[in-house]
Protein chains: 2
Amino acid sequence: MFNTIEIKDVKREIGALVKAIRKQRGISQSQLAKSLDVSRTTIQNVEVGENFTVDTILKILKEVDLLEQVHHEISKSKVQIMDAKSLY
Amino acid sequence: MFNTIEIKDVKREIGALVKAIRKQRGISQSQLAKSLDVSRTTIQNVEVGENFTVDTILKILKEVDLLEQVHHEISKSKVQIMDAKSLY
DNA sequence: ACATATTGACCATTTTAATGGTCAATATAA
DNA sequence: TTATATTGACCATTAAAATGGTCAATATGT
C-alpha cells in the first residue's frame, strides 16, 4: 500500500540509468571505465546499485554531457529555497 | 570565455543547496547530522564541497522529502534513453 | 557586557569505496 | 560449431570517506 521509495531503490535506478546509457552507446563496462579513468569494478558496482561516491556519478554525467544540466537544476533548487521565506 | 562546469563546481553547488535547506529549516549541522544518523563532519564536508557518497546525499534528500522526486526523474531519464534507438 | 551555541578547522582511527586481479558463466560474432 | 568479448562474482590491497573528538573563532541570544 505504502510503497515508499527507499535509498537503495534510488541507487538501483541510478545503476539502471547508467547501464542504459552505456548500452545505448554500445560500449562495454571496460571501455566506459577507461574513458572515465575509473576501474571496471566501480562501474559494475554503480550498475548494480552499490554505494559509490558523487565523484563517480558526476564523472559519468559529465561523460554524457549532463553535468551542466544537473548543475543548473541544483542551482535552481537552491535559489528557490533561499527565496522562500521560512514559515516559522 | 569557456566557463565549463567542472565536477568540483557541482559538488560546491550541492553543498550550497544542502546548507540552504538546513538554514531554511533553522537547524544546526549537529541537529541535521543526528537526524540523518551521520557525523557532523560529514555534513560539514558536504556543505563545503568535498567528495562524499550517494548514501549521504540521498539521506539528505529523503529528509527533505525529495527522494521520490529524484527517483522519478532518474526513472524518466532512463526510459527516455531506452526508448531512443541508437543512431548508429 | 556576558554566556551559550554554532561553525570551521583540524586530526587519529575506523569503515568502506576504489582498485586491480582472477575466473566461470554468458553473450556475441565468425 | 568454435573463437572471442563481455559480464558477474569474487578477493586482497589501497585510497579515501566517515567517524568522533578537540579547540579557536564567530555568531546568537540575554
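Nothing here was measured: the structure is a model prediction, and the numbers come from that model. Sequence lines set the chain letters: A, B, ... in the order given, protein chains first and strands last, and positions in each chain run from 1.
Rotation axes derived from the C1' atoms of the five outermost pairs at either end of the helix from C:dA1-D:dT30 to C:dA30-D:dT1 lie 70° apart, to the nearest 10°.
To the nearest 0.5 Å, the span separating CD1 on B:I43 from OG on B:S35 amounts to 7.5 Å.
For C:dG21, its base never sits under 3.5 Å from the side chain of A:R40 at any donor and acceptor pair. Side-chain atoms of A:Q44 come within donor-acceptor range of the base of D:dA9, with a qualifying N/O pair under 3.5 Å. Under 3.5 Å, the side chain of B:T41 and the base of D:dG20 form at least one donor-acceptor pair of N or O atoms.
Dashed line: the shortest gap from a side-chain N or O of A:K11 to OP1 or OP2 of C:dA17 is not under 4.0 Å. Proximity of A:T42 to the phosphate of C:dA17: no side-chain N or O atom is located under 4.0 Å from OP1 or OP2. Between B:K19 and C:dG8 there is a side-chain polar atom (N or O) within less than 4.0 angstrom of OP1 or OP2.
Rounded to an integer number of Å, the gap from CG of B:L58 to P of C:dA17 is 13 Å. For the pair A:N45 CG and C:dG20 P, the computed distance is 14 Å after rounding to whole Å. Taking atom CG on A:D55 and atom P on C:dT16, their separation rounds to 19 Å, with Å as the unit. Put simply, CD on A:E47 is 14 Å from P on D:dT6, counting in whole angstrom units. Across the protein-nucleic acid pair, A:N51 atom CG and D:dA16 atom P stand 16 Å apart, rounded to whole Å.
Nearer to the 5' terminus of DNA chain D, by closest-nucleotide assignment, is the contact made by B:F52 (compared with the other of B:F52 and B:K23).
The side chain of B:T56 lies closest to D:dA18 when the candidates are C:dA18, D:dA18, D:dT7. Of all nucleotides listed (C:dT7, D:dG8, D:dA18), D:dG8 comes nearest to the side chain of A:Q29.
The side chain to side chain donor-acceptor pair (under 3.5 Å) test with B:Q29 singles out one residue from B:K19, B:E47, B:K34, and that residue is B:E47.
Looking at heavy-atom distances under 4.0 Å, B:V48 makes no contact with the nucleic acid at all.
For the residue pair B:S75/B:E73, the side-chain donor-acceptor check at 3.5 Å is not satisfied.
Comment: B:K11 engages A:D55 in a salt bridge, judged by a side-chain N to carboxylate O separation of less than 4.0 angstrom.
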